[in-house]
A.B. asks: 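For reference, the structure I am asking about is given below.
Values below: every heavy atom of this structure, side chains too, minus hydrogens, waters and symmetry copies. Lettering of chains follows the sequences in order, A, B, ..., and the numbering in each one begins at 1.
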Amino acid sequence: MLYVDVIVPLPLSGVFTYKIPDLLADRVIVGSRVIVQFGKKKFYTAIIHRIYDSDEPKTGIKEIISVLDDYPIVLPEQLQFWEWISSYYMCTLGEIYKAALPSALKLESETLVFLDASFEAKEPFTANETKVFDVLSDSKPLRISEIEKLTGISNAIPYVKSLADKGAAYLNENIQNKYTAKTEASIRLAKNYSESELNEILNNLKRAKKQEQALILFLELKKEEGDHPEFFIQKKLFLGQTGISSSVVDALIERGVLVSFQNEIGRFDYGDSDLLSSKILNPFQEKAYNEIYDNFKEKQVVLLHGVTSSGKTEIYIQLIKDAIERGERVLYLLPEIALTTQITERLKSVFGNKLLVYHSRFNDNERAETWQSLLQKEECQVVLGARSAVFLPLRNLGLVIVDEEHEASYKQQDPAPRYNARNAAIVLAGIHQTKTLLGTATPAIETYYNALSGRYGLVTLSKRHSEIELPEIVPVNTKDLRKRKQMKSILSPPLVEEMRNALGRDEQVILFQNRRGFAPLIECKTCSWTPKCLHCDVSLTFHKGQRVMVCHYCGAVYSIPTECPECKTPTLEMQGYGTERIEELVQETIPEANVVRMDFDTTRSKRSFERIIADFEANKTNVLVGTQMVSKGLDFDNVSVVGILNADSMLNYPDFRAHERAFQLMMQVSGRAGRRHKRGLVLLQTAHPGHPIISYIRNNDYASFYETQINERQLFRYPPFYRLIEIVIRGREEHVVDGLAVEFAQVLRQSFQERVLGPVKPGISRVQSLYIRKIVLKIENQASPQKIRELIEFYQKQVMQNPNYKSVLLHYDVDPM
DNA sequence: AGCACGCCGACT
DNA sequence: GTCGGCGTGCTC
Ligand SMILES: [Zn+2]
Ligand SMILES: [Zn+2]
């Protein structure tokens, strides 16, 4: 008897065993998708993890309902990768499966259902079966989701299945049909005519001038394109280029000279690649490029430490070209907010249709198409993507590039799998026996430590593009100005003056404030009451545009009170500055400025995001106010002044990485200032101009910054010297959550002793009506992650036996950020 | 994560 | 006496 172990898209540990019915026995492949019934009601698309034969009789095992693919959708390397993530990040395979596949491929909702025309009812339908049957007979084949919409049945899969069992309907079992590739009518010659045959045809067309002309044009086009006998062109394109009417081409098809066929085209047409055209590396880039290869001889991972504007991208492009030449694929990761049109356009111009782009702003069908293209089209050799692109099926992977490797957004926070795509990418490269290049101007402390200790190779690129100088960074002492009563708002007089100067020279300004909304706090001047979220332990941010108060943790929206609900006086006051308020303030202070704001709220759609960038690039706007969004992946060449409005908020954040983050962020924002042949100016508003981090930024001194950070890390037992595992406990009742946290920490101490920290009540101790406690484990690097994991899970089982804790949620965050 | 099974309060 | 509340436990 044949069995399969499958992964179901649920947060359950382990795999589940199903029988393979004889009919499907020769169709199952590891990595392909199957439909299974799981539990009493639910049907899921599962992934085959293992196929095996066994004579041992097993009870309570269901059969696979259908097989969806004749080829693996998930490659063996990917399954191995999933296993690693599951084990290292302490999550289930099901959670990874859910995160990895675009949901269009998890076809509960996507399956097409056909009606069997020859069906004759032998037994009556149930009410729901009738409903499904009726909507199907009214129209074309329907997707299950469409059936659900039309019938109002919330889960139609069982009824579709029972109709299929009765022979009334069938499911298309070949993914190629299911996945609706875009096709377009194309034309080509009916056969490979000889010269004389063609002459004869043209002679016969003497009386049909239009047709003759059309054929001649077609043949000319064919010749231009290399005279390939199989030459074809999309009909629409041909008509457009030649001005021939459709009926003329149809007549040629009717005559049998041309044939029309459906040619599958991708949704993304980036044109041809132009591998020869791009710029040649300058001597510094050339040197770095060679050093990267030297390092790859011995090291699996190389860090390219290159200052902003040193042209790392050019080096990447060269490395990608090399991989393409070797016939291999490249995965190029960027943080989501750095994946701008600027970079995609740049790569498109070089790699054309070899390039695939993958990130969350693409819809699900587009993502599914990218997945299928990688499985089926050899020529798709370059993938540019955000975090989740590490899950793509990259057969024949030859290089992984992780740019801006220090970015915290590589770490997925919620939900599981809480993986770090930078570290996962290194493991992925290892599975494919290939190399990883990490790039950044401000390496993560962990990465730089690995590079200095020799675990990674290190290549430094310190020379900027010749005509671009590093900006001048000037702190503005807000404490001083405040004492002298000169800080009337968050815009200090020196900043306003420099802004005016820049705008007067027709140059542009970027203002950076890492807080969205209008004011992060509302306070009653009489009784100091502040509005708080009903579900979370945070105060609400006032959003002026939408005239509401918003909880930035759960998204809850509240209306604005006109008077204080506590003391009934109308003395509510805005405290603090968000981007929205700064936008308004700039407009008031400098009325002639053309201010635009870029933050989460103004860039909800892909369109508005690109619009804001395009307008600023075109100088239609001249002051850009934004959150960290303005710091990544954008190069504007007319920005001469950058204002960092509140450096202190970043430095005072209670986290061991706060200084590192502040340094990286401010360095990056500063990098936006400066134009060709003109040095940029960065004004950094702070109450502590002597803060060491600020002087490191001023002096562009990564080495000293690193030195202080690494010492602190060692002293306080933080990464890279120790590995952190955070245990997060959440629940509706505070005392239960607290009880479990205390008890869990206690039993953990039996084995881990002083390595257990907490439990602590986090700064934001309640989110979405759930109280939170955290326990942190600091584990020595040399300890086996697998042993640690087993030990923790053993203790978890032990404490969770207490029935009081059954309603509490617990998860692990390995290498939290 | 769902979903069923099961054991106690307020309603016909 | 039943309807339904959501607490626990299982899903191959
Ligand atoms: Zn009040
Ligand atoms: Zn909230």
A.B. asks: By nearest nucleotide on DNA chain B, pick out whichever of A:K40 and A:L12 is the more 5' one.
C.D. replies: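 Nearest-nucleotide comparison on DNA chain B picks A:L12.
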A.B. asks: Using whole Å, report how far CZ of A:F38 lies from P of B:dA1.
C.D. replies: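 Distance check: A:F38 CZ to B:dA1 P gives 13 Å.
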A.B. asks: Between the side chain of A:R755 and the main-chain N/O of A:F752, is any donor-acceptor distance below 3.5 Å?
C.D. replies: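 Yes; at least one donor-acceptor contact below 3.5 Å.
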A.B. asks: For A:D813, which of A:R418, A:K411, A:R723, A:K774 qualifies under salt bridge (charged side-chain N to carboxylate O under 4.0 Å, His left out)?
C.D. replies: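 In the set A:R418, A:K411, A:R723, A:K774, the residue that makes a salt bridge (charged side-chain N to carboxylate O under 4.0 Å, His left out) with A:D813 is A:K411.
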A.B. asks: Extract from the structure each pairing of a protein N or O with an N or O of nucleotides 7-9 of chain B at less than 3.5 Å, listing the distance.
C.D. replies:
none

A.B. asks: Specify whether A:F391 and A:F81 have parallel, tilted or perpendicular ring planes, treating 30° as the upper limit for parallel and 60° as the lower limit for perpendicular.
C.D. replies: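 Aromatic pair A:F391/A:F81 classed tilted.
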A.B. asks: Go through DNA chain C in 5' to 3' direction and return only the first and the last nucleotide with some atom under 4.0 Å of chain A's heavy atoms.
C.D. replies: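 Contact span on the strand: C:dT8 to C:dC12.
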A.B. asks: With sequence neighbours excluded, what pairs up with A:Q546 under the side chain to side chain donor-acceptor pair (under 3.5 Å) test?
C.D. replies: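 For A:Q546 there are no side chain to side chain donor-acceptor pair (under 3.5 Å) partners, ignoring immediate neighbours.
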A.B. asks: Identify whether the distance between the nearest side-chain nitrogen and carboxylate oxygen of A:R50 and A:D5 falls below 4.0 Å.
C.D. replies: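 The answer is yes: the pair qualifies as a salt bridge.
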A.B. asks: Does A:Y18 reach a base, just sugar-phosphate, or nothing at all? Heavy atoms under 4.0 Å.
C.D. replies: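 Sugar-phosphate contact only.
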A.B. asks: Identify, with sequence neighbours excluded, every residue that meets side chain to side chain donor-acceptor pair (under 3.5 Å) alongside A:E77.
C.D. replies: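 Expected list: none.
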A.B. asks: Between B:dA1 atom P and A:F16 atom CZ, what is the distance in whole Å?
C.D. replies: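 Taking atom P of B:dA1 as the reference, CZ of A:F16 is at 14 Å.
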A.B. asks: Starting at CG of A:D414 and ending at P of B:dA1, how long is that distance when rounded to a whole Å?
C.D. replies: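 One finds 11 Å between P of B:dA1 and CG of A:D414, rounded.
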A.B. asks: Only distances under 3.5 Å count here; give the side-chain donor-acceptor pairs of residues 728-747 of chain A to other protein atoms, sequence neighbours excluded, each with its distance to 0.1 Å.
C.D. replies:
residue: A:E734; atom: OE2; partner: A:R773; partner atom: NH2; Å: 3.0
residue: A:D738; atom: OD1; partner: A:R773; partner atom: NE; Å: 2.6
residue: A:E743; atom: OE1; partner: A:Y805; partner atom: OH; Å: 2.9

A.B. asks: Tell me every residue that passes side chain to side chain donor-acceptor pair (under 3.5 Å) with A:S87, counting only those two or more places apart in sequence or in another chain.
C.D. replies: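 Testing A:S87 for side chain to side chain donor-acceptor pair (under 3.5 Å), a comparison that skips the adjacent residues, returns none.
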A.B. asks: Measure the distance from CZ on A:F43 to C1' on B:dC3 and round it to the nearest whole Å.
C.D. replies: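 Nearest whole value for this atom pair: 14 Å.
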